[in-house]
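Have a look at the structure below, then the notes.
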Amino acid sequence: MEGERPRSDTVSTTVSSHIETISMGGSVAYDRSFLRSPTGVLLLMEIIFGLLVWALIAGSEYFLVPAFGWVMFVAVFYWVLSVFFYILYLTRANTRITKVPWTLVGLCFNGSAFALYLIAAIVEASSVDKDVHQHHNYNSWTASSFFAFVVTVCYALSTYFSFQSWRTKS
């Protein structure tokens, strides 16, 4: 043990004019400025409200209405991708993969999520029936329908910001 330096558990902070990152032990770093950016806030809202959409449906007897299968597919698919992109942008891993046109990828992702979530929200809202035998299903489906429209608005705003970013970089 003699001659070895004690291990340091300090957190180093790097601040630049554009990016503020925090590195823990040199291996894990995250972009604190992303958390406060419109893109980061919207992506977090999409994750939270998207989780509510599919959790409220999954907690009910959604198999009674075939349209809810489509809503579940859209909600879970885009929730998983949103979590992936959130981690990717938070850790700035996208800056290490330079061959991918990230602004175009973000635009395509947000645009397709907006379009498919809009369809899913309309399908879900039109499939909610007050004459459901169980009151729990009606409440869950109504709440899920509301949150589906909230997520749709979030993806619409993300599409707008992605388009602005793509237009300025092209």
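- Taking Phe85 as the reference, Tyr89, Phe109 meet the ring pair (Phe, Tyr, Trp, His ring centres under 6.0 Å) condition, with sequence neighbours excluded.
- Among residues two or more places apart in sequence or in another chain, the side chain to side chain donor-acceptor pair (under 3.5 Å) test is passed with Thr159 by none.
- Applying the side-chain hydrogen bond (donor to acceptor under 3.5 Å, both in side chains) rule to pairs touching residues 105-115 yields Tyr78-Ser112, Asn110-Ser162, sequence neighbours excluded.
- Taking each heavy atom of Leu56 and Ser140 in turn, the nearest pair found is O-CB, 3.4 Å.
- Here Trp79 pairs with Trp54 under the ring pair (Phe, Tyr, Trp, His ring centres under 6.0 Å) rule; sequence neighbours left out.
- Legend: residues meeting ring pair (Phe, Tyr, Trp, His ring centres under 6.0 Å) with Phe77, ordered by chain and number and at least two apart, are Phe73.
- The side chain to side chain contact (heavy atoms under 4.5 Å, CB included) test applied to Leu90 returns Tyr30, Phe34, Leu35, Tyr86, not counting sequence neighbours.
- Under the side-chain hydrogen bond (donor to acceptor under 3.5 Å, both in side chains) criterion, the residue pairs touching residues 37-53 are Glu46-Ser158, with sequence neighbours excluded.
- Every residue two or more places apart in sequence or in another chain that forms a side chain to side chain contact (heavy atoms under 4.5 Å, CB included) with Phe163 is listed here: Leu107, Trp166, Arg167.
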Tabulate below the donor-acceptor pairs under 3.5 Å that side-chain atoms of residues 93-100 make, not counting sequence neighbours, or state none.
| unit_1 | atom_1 | unit_2 | atom_2 | d |
| --- | --- | --- | --- | --- |
| Thr95 | OG1 | Arg92 | O | 2.6 |
| Arg96 | NH2 | Thr91 | O | 3.3 |

Per-pair distances, 0.1 Å, donor-acceptor, side chain in residues 113-128, under 3.5 Å, sequence neighbours excluded:
| unit_1 | atom_1 | unit_2 | atom_2 | d |
| --- | --- | --- | --- | --- |
| Glu124 | OE2 | Ser144 | OG | 2.7 |
| Glu124 | OE2 | Ser145 | N | 3.4 |
| Ser126 | OG | Ile122 | O | 3.0 |
| Ser126 | OG | Val123 | O | 3.0 |
| Ser127 | OG | Val123 | O | 2.7 |

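- The ring pair (Phe, Tyr, Trp, His ring centres under 6.0 Å) check on Phe84 picks up nothing, with sequence neighbours excluded.
- Side chains of Ser82 and Tyr155: a donor-acceptor N/O pair is present below 3.5 angstrom, by distance only.
- Both Leu51 and Val71 belong to a common hydrophobic cluster when Ile, Leu, Val, Met, Phe, Trp and Tyr are linked at side-chain heavy-atom distances under 4.5 angstrom.
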